[in-house]
Protein chains: 2
Amino acid sequence: MTDITSEGPSEHRGVPGQSPLAQDAGRRSPNADLIACIELFYFAYRGFTCDPDTILEQYGFGRAHHRVLHFVHRNPGLKVAELLDILQITKQSLARVLKQLVDESFIIQKAGNEDRRERRLYLSAKGARLTDKLTQIQAKRIEGALAELGQGADVVARNFLFAMIAEKDRPQVEALIRSEHGGLPADESNCNPREP
Amino acid sequence: MTDITSEGPSEHRGVPGQSPLAQDAGRRSPNADLIACIELFYFAYRGFTCDPDTILEQYGFGRAHHRVLHFVHRNPGLKVAELLDILQITKQSLARVLKQLVDESFIIQKAGNEDRRERRLYLSAKGARLTDKLTQIQAKRIEGALAELGQGADVVARNFLFAMIAEKDRPQVEALIRSEHGGLPADESNCNPREP
DNA sequence: GCCAATAAGTCAACATGACTGACATAACGT
DNA sequence: ACGTTATGTCAGTCATGTTGACTTATTGGC
């Protein structure tokens with residue numbers, strides 16, 4: 001693993017980032033390492049999204065579609081309102097992509113059992129196939145990245161990402177991720193795995 | 001530091017991520033931890049951008065403006081072609097925001113000394129003030145995130161982010177970051193710090 | 001000095017994904 | 001029956017990305 005941010009022989013994530021050369025070589029406003037982080041985050045996010053983007057393009061979809069597919073896949077039976085809450089976009093923004101996904105039957109809507117006003121969202125087999133493909137390519141990139149790092153990097157990476165989330169969003173994200181890891185999908189009677 | 005992705009008492013990034021409970025609790029297609037990473041990356045990027053977005057809004061600017069300001073700030077004397085190469089957008093996309101920034105004199109253009117076709121980009125004092133403000137708030141968030149983690153997390157985080165970058169972009173990003181950390185700004189005669 | 005190549009700017013047109021505010025419909029619950 | 005809620009929809013706007021074609025200024029080789 002190459003530490004691009006510290007020049008000297010800083011063997012295998014030894015010292016935090018306090019190698020005399022790397023630290024504040026340029027001495028501009030904040031710490032140079034933090035500025036590197038800022039830029040790396042930008043480029044990393046670009047890397048994070050580029051693989052799925054390529055695939056989505058072939059379907060005439062964009063990132064917005066991807067996000068919908070992803071969260072419905074991980075949370076079958078999700079309500080529209082919940083999805084809006086996760087994505088933090090407006091009804092209209094969601095409606096546009098959701099309509100497309102429903103029309104092309106990547107996503108299936110089903111009225112709630114208890115409350116028939118709700119439109120529970122599920123992936124069709126077709127939708128699940130596409131979403132799995134997207135997840136896999138993205139997971140592969142992350143896996144590859146973590147493999148370049150030392151042991152324990154995955155936990156640090158996850159904790160770092162979590163700590164980057166706006167404070168107000170953290171409880172929600174934490175709950176969301178926990179629930180997807182085998183817990184109940186945020187509600188009661190929607191535990192039918194997929195394809196209603 | 002709270003490890004939201006592994007339930008048990010996994011003291012201070014001990015075992016990678018192999019705690020029996022956390023690992024593959026749900027057993028959907030890929031590793032559940034990797035899926036958590038995917039979502040965390042999305043939410044983290046949202047957190048990463050939300051602070052600057054708020055400030056930029058007050059100036060009638062968006063993220064595109066921010067990126068231009070940032071890279072010009074870190075690389076004074078940058079050529080338009082180089083900026084296009086960094087941002088990987090089209091001339092037209094850049095022209096729109098750049099024109100605005102020049103018109104409102106956040107950015108100053110100066111013909112190159114050697115080659116007068118080039119328009120070297122510099123920040124005005126006003127532009128530098130804004131950009132510093134944006135950098136500081138973003139650096140603060142990263143600093144805060146890293147502070148929540150253990151020692152050495154910063155190096156791991158940077159290396160993780162770097163490893164997430166598309167392979168083809170890595171040399172460029174590495175060169176860019178290195179040059180900003182006190183090196184020469186990609187060319188010869190453009191080392192006048194700022195404000196020509 | 002001519003001319004091809006280069007750096008940059010510009011124009012017209014378009015797509016995506018975000019936003020707003022207002023309004024419609026259906027179902028729930030008191 | 002009526003107010004609230006969940007959802008859908010309409011009309012219009014904005015920011016940011018795209019394409020392709022074209023202009024202008026300047027450079028460097030011949």
Side-chain angles (χ1 to χ4, degrees), chain A residues 42 45-46 49-50 52-54 56-69 72 77-103 107-121 186-190, chain B residues 42 45-46 49-50 52-54 56-69 72 77-103 107-121 186-190:
Chain A
Y42 164 65
Y45 195 73
R46 209 161 71 180
T49 50
C50 67
D53 283 353
T54 309
L56 289 158
E57 213 178 354
Q58 297 159 8
Y59 291 79
F61 293 151
R63 258 178 232 179
H65 302 83
H66 184 189
R67 295 197 270 260
V68 171
L69 287 169
V72 172
L78 202 63
K79 289 184 274 184
V80 171
E82 290 169 339
L83 192 47
L84 285 175
D85 205 46
I86 290 170
L87 299 177
Q88 288 184 199
I89 57 174
T90 57
K91 224 196 315 185
Q92 179 66 309
S93 296
L94 175 57
R96 202 172 16 227
V97 296
L98 187 53
K99 191 178 185 319
Q100 243 183 302
L101 290 168
V102 170
D103 285 353
I107 282 190
I108 291 166
Q109 285 177 316
K110 201 188 155 197
N113 287 336
E114 320 266 298
D115 186 337
R116 288 190 17 226
R117 286 173 304 182
E118 300 167 354
R119 296 300 149 92
R120 300 295 188 144
L121 303 174
D187 212 26
E188 8 69 275
S189 59
N190 48 353
Chain B
Y42 164 65
Y45 195 73
R46 209 161 72 179
T49 51
C50 67
D53 283 352
T54 309
L56 289 158
E57 212 179 355
Q58 296 160 10
Y59 291 78
F61 294 151
R63 258 176 233 181
H65 303 84
H66 184 188
R67 294 196 271 261
V68 171
L69 288 170
V72 172
L78 202 63
K79 290 184 272 185
V80 170
E82 289 169 338
L83 191 47
L84 285 174
D85 204 45
I86 290 170
L87 300 176
Q88 288 185 201
I89 56 174
T90 55
K91 223 197 313 185
Q92 179 67 308
S93 296
L94 175 57
R96 204 165 21 218
V97 295
L98 187 53
K99 191 179 185 318
Q100 246 183 300
L101 291 167
V102 170
D103 284 352
I107 282 189
I108 291 165
Q109 286 176 315
K110 202 188 155 197
N113 287 335
E114 320 266 299
D115 186 337
R116 289 190 14 228
R117 286 172 303 182
E118 299 166 355
R119 297 300 148 93
R120 300 295 188 145
L121 304 174
D187 211 28
E188 8 69 275
S189 59
N190 50 349

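Remember, predicted model here, so these are calculated numbers, not experimental data. Residue numbers begin at 1 in each chain, while the letters A, B, ... track the order of the sequences.
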Could you tell me which residues satisfy side chain to side chain donor-acceptor pair (under 3.5 Å) with [X], sequence neighbours excluded, listed by chain and number?
X        : value
A:His66  : none
A:Lys99  : A:Asp103
B:Arg119 : none
B:Gln88  : A:Arg46

Would you list the protein and nucleotides 15-17 of chain C atom pairs, both N or O, that sit under 3.5 Å from each other?
| unit_1 | atom_1 | unit_2 | atom_2 | d |
| --- | --- | --- | --- | --- |
| C:dG17 | OP1 | A:Arg63 | N | 3.2 |

Which residues pass the salt bridge (charged side-chain N to carboxylate O under 4.0 Å, His left out) test with [X], sequence neighbours left out?
X        : answer
B:Arg117 : B:Asp115
A:Asp53  : A:Arg63
A:Arg116 : none

Practice prompt. If a protein heavy atom is under 4.0 Å from the base, mark B; if only from the sugar-phosphate, S; if neither, -; do that for nucleotides 22-29 of chain C going 5' to 3'.
Written response: ----BBS-
Discussion item. Counting the atoms with a prime plus P, OP1 and OP2 as sugar-phosphate, which does B:Gln109 contact under 4.0 Å by heavy atoms, base, sugar-phosphate, or nothing?
Written reply: sugar-phosphate
Worksheet item: Looking across every strand, which nucleic acid part, if any, lies under 4.0 Å from B:Gln88 by heavy atom: base, sugar-phosphate, or nothing?
Response: sugar-phosphate
Discussion item. Could you work out how much the helix from C:dG1-D:dC30 to C:dT30-D:dA1 bends, comparing the axis of its first five pairs with that of its last five, to 10°?
Written reply: 20°
